[in-house]
Structures are given as C-alpha cells and as structure tokens.
Amino acid sequence: MFKFTIAITTYNRLSLLQRAVESALSQTLPCEVIVADDGSSDGTEAYIRSLGDRVVYHRNPVNLGHCATMNAAVKLAQGDWIKPIDDDDYLAPNCIQELTNAIARYSQAVLCSSQAIQVNENGTEVSRTQPISDRKIDYVPQSEVHYRMFLEQLPFGTPVQVAFRKDAFVKSGGWDSSFEVNYDDIDSWVKIAQYGDAILVNQHLAYRTLWHQGNHLKFSLQQRLQKHISIKEKIYQFVHPKYRDSLPSLQDIQDFLTLYWSLVGFKQGKFDQALPLLFPALFSRKGWQLLTQVIYARKFYQMSQQYCQAPRPKQMPLLSEI
C-alpha cells in the first residue's frame with residue numbers, strides 16, 4: 001500500500017503555519033508531515049521542534065525561494081505520494097483519506113486534484129472551485145491530460161489542490177525556480193503529467209487563502225502575461241498528436257491571453273499597463289472569440305450555482321481574475 005507525505009513550505013509566517021500543521025496532524029488517515037523552512041527568523045524552528053517526532057523539519061541554510069524549498073521537502077519525503085501545501089493554506093480532516101481512496105482505484109495515476117474553498121485573511125469563505133462533473137471521481141488518461149490542461153478544463157491549480165507521485169516528480173526535474181511564485185506549480189504539473197494518468201476528486205478537501213497583496217500581484221501585467229504565454233507554450237508541446245488539430249493556434253492563444261490580461265488591468269484600474277498590451281491583439285477576431293467563450297462559461301457557471309438545476313457548460317476555464 002502506498003503512503004502519503006504532507007509537505008508544507010514556509011517562510012516567516014508562524015501564526016499561519018500553525019494552522020497548516022494542525023490540519024496536517026489532524027488527518028483521519030495519519031501520514032508523514034514535513035515542514036520545509038526557507039530560513040525563517042520568527043520562531044518557526046522552535047515551534048516545529050516542540051512537536052517532537054510528529055513533524056520532520058528541514059531548514060534551508062539561506063533563503064533559497066519557494067521552488068528550492070519544495071524540492072528539498074520532496075527529497076526528504078518517505079511517502080510514495082506528496083501532498084504539498086503552502087503555510088497559509090490548510091486541509092480538511094478527511095483530505096488524505098479521500099485522496100488515498102481515489103488513488104487506490106487508479107494505480108497508473110501520477111496526479112490527483114481535489115476541489116478547494118477560497119477563504120479571505122479572516123478565514124471567511126469567498127468562493128469554491130467548480131467541479132467538472134457530478135461524479136465523485138473523474139479519471140483522465142495520460143493522453144488527454146495536457147489537452148485538457150491547455151483548455152483549462154482541469155483543476156490543477158495551486159498546490160493545496162494537488163497531490164503528485166514522488167517518482168514522477170523526481171523524473172520531471174522538480175520545481176523550476178525560473179517560474180518562482182508565478183506559475184511554478186503549474187509548470188510542475190505539466191511536467192509530471194508526462195508520466196501517467198490524472199484523477200479529479202470532486203470534493204472540497206482543501207482551503208486556500210486569498211490575499212489582497214499576494215506575491216504574484218507584485219509582477220506587472222506584462223510579466224504575468226509573458227509567464228502565462230510561456231506556460232501555454234509548454235503545455236502545447238506535450239499535447240497528444242491526436243488532439244493537436246482541434247486546438248486553437250498558439251498565436252490565437254497569445255492574442256486571447258493578451259486581451260484577457262488587458263481586461264484584468266482595466267478592471268484593476270491599471271490603465272497605464274493595460275492599454276499598451278492591447279495592440280495588435282485588439283484586432284484578433286479569434287482572440288475575442290476565445291475571450292467571449294471564457295466570460296460566458298464563467299457567467300454560466302455562476303448562474304448554475306444560483307439555480308442548481310442548470311447544466312454546466314462543457315468548458316470550465318480556470319482563469320479567475322475577470
């Protein structure tokens with residue numbers, strides 16, 4: 001029987017870390033818990049040491065960044081499967097049990113994702129990720145994973161949602177520091193998905209904290225756009241040949257993303273950043289068509305949440321800032 005390790009990365013957020021650790025230690029199916037500390041100076045080490053052998057502790061000798069810290073945690077892990085979480089996120093008590101039950105049914109899987117509840121800084125629920133079907137578990141064969149990731153039909157988002165098989169993570173090369181903070185997790189899922197199937201557990205088993213001043217917001221719109229384009233280009237390379245002809249071209253995707261991030265900028269009042277992004281994508285018919293589909297799908301989902309009998313659209317994009 002395979003085993004799980006919960007890997008928690010942290011840096012100078014002791015009060016939040018305690019909540020994450022408590023959620024890991026309170027799992028209905030006990031497992032190894034690792035805290036990987038990126039050189040905190042706020043009492044994190046003393047707190048973890050006080051827990052004795054209930055938690056494995058790793059401390060970077062210097063501040064190395066989130067990607068290097070996650071890689072260090074996975075290297076130490078004894079589990080066959082890794083459940084990563086950041087220090088400001090936390091798990092439902094039955095998270096590991098439900099993931100284990102799902103994985104046991106599909107031994108070829110290398111990725112497993114659940115749904116998540118987004119909470120604000122006070123722990124109040126803000127929103128929930130959207131199930132892709134009414135089934136308890138959805139199975140996605142390897143040949144379909146990248147195609148559906150490209151179309152954003154799969155909830156492989158932030159670490160709190162996802163679990164991965166350690167051997168596939170190692171083969172993939174781990175987290176890439178060139179994506180630090182901005183799509184580092186998505187880049188990892190894309191690489192891991194080369195090595196097996198995926199499972200989606202349509203239960204809300206994790207809690208993600210949303211911050212008004214999150215680290216990803218420190219990047220300009222142009223930087224976020226370029227990272228988003230680079231991720232799409234990477235996923236495109238891995239899409240199975242039988243699906244290539246049904247995909248929009250990379251140029252159309254680039255135009256769509258440019259329009260999308262321009263709209264995000266206007267919505268956030270960043271007119272000086274948003275306006276220069278518009279050209280020449282402003283004149284892309286296909287780019288506007290894709291953007292309209294995204295907005296329609298999101299509005300349709302919101303309506304279906306209000307009127308529960310409404311069917312869900314086939315495409316459920318995960319782009320969430322508009």
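Each residue takes its place number in the sequence, starting with 1.
- Not counting sequence neighbours, the partners of F271 by the ring-ring contact (aromatic ring centres under 6.0 Å, His included) test are F266.
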Could you give me the CA-CA distance, side-chain angles and deciding distance for T5 and W81, then say whether side chain to side chain contact (heavy atoms under 4.5 Å, CB included) is met?
-> CA-CA 6 Å; T5 293; W81 276 79; over 6 Å; no
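- Atom CZ of R105 and atom OG1 of T100 lie 14.0 Å apart (nearest 0.5 Å).
- Using the six-membered ring where Trp is involved, Y139 and Y106 have ring planes that are parallel, under 30° apart on the 30 and 60° scheme.
- Of all the heavy atoms in V126 and N120, the pair that sits closest is CG2-N, 3.6 Å.
- Ion pairing between K136 and E98 holds under the 4.0 Å rule for side-chain N and carboxylate O.
- Between R59 atom CZ and T10 atom OG1 the span is 10.5 Å, to the nearest 0.5 Å.
- Cation-pi geometry between K286 and F256 is not met: the NZ or CZ atom fails to fall both under 6.0 Å from the ring centre and inside 45° of the normal.
- Side chain of N122 to main chain of T124: no donor-acceptor pair is present (N/O by atom type, distance under 3.5 Å, no hydrogens or angles).
- For Y147 and H240, the distance between ring centers is not under 6.0 angstrom.
- With values rounded to the nearest 0.5 angstrom, L64 atom CG is found 8.5 Å from S177 atom OG.
- For the atom pair CD1 of I34 and CD1 of I6, the computed distance is 10.5 Å after rounding to the nearest 0.5 Å.
- Judged by a 6.0 Å distance limit and a 45° cone about the ring axis, R244 is positioned over the six-membered ring of Y236.
- Judged purely by distance below 3.5 Å, without hydrogens or angles, the side chains of S249 and D252 pair a donor atom with an acceptor atom.
- Looking at M70 and P84, their side chains come closer than 4.5 Å, going by heavy atoms from C-beta outward.
- Not one N or O on the side chain of K83 forms a donor-acceptor pair closer than 3.5 Å with the backbone of I96.
- You'll find the side chain of V56 stays beyond 4.5 Å of the side chain of V33, heavy atoms only.
- Defined by atom type and a distance below 3.5 Å, a donor-acceptor pair is present between the side-chain atoms of H58 and N60.
- Note that the CD atom of Q161 and the CZ atom of R208 stand 8.0 Å from one another [nearest 0.5 Å].
- Using the six-membered ring where Trp is involved, F283 and F279 have ring planes that are tilted, between 30° and 60° apart.
- In terms of heavy-atom proximity, D176 sits nearest to D184 at O-CB, 4.4 Å.
- With 3.5 Å as the limit, one finds a donor-acceptor pair spanning the side chains of S127 and Q118.
- Atom CG of residue L76 and atom CG of residue N71 lie 11.5 Å apart, to the nearest 0.5 angstrom.
- For the pair L259/W288, a side-chain contact is recorded, criterion being any heavy-atom separation below 4.5 Å from C-beta on.
- Between R13 and D88 there is a salt bridge, with a side-chain nitrogen of the basic residue lying less than 4.0 Å from a carboxylate oxygen of the acidic one.
- A side-chain donor from one of T209 and R19 sits under 3.5 Å from a side-chain acceptor of the other.
- One finds no salt bridge joining D167 and K171 here, because no Lys/Arg side-chain nitrogen approaches an Asp/Glu carboxylate oxygen to under 4.0 Å.
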Stepwise, does the side chain to side chain contact (heavy atoms under 4.5 Å, CB included) test hold for I48 with D37?
-> CA-CA 10 Å; I48 298 300; D37 179 3; over 6 Å; no
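- Side chains of S114 and H204: no donor on one and acceptor on the other come within 3.5 Å.
- Using a 4.5 Å heavy-atom threshold, the side chains of I199 and D138 count as separate.
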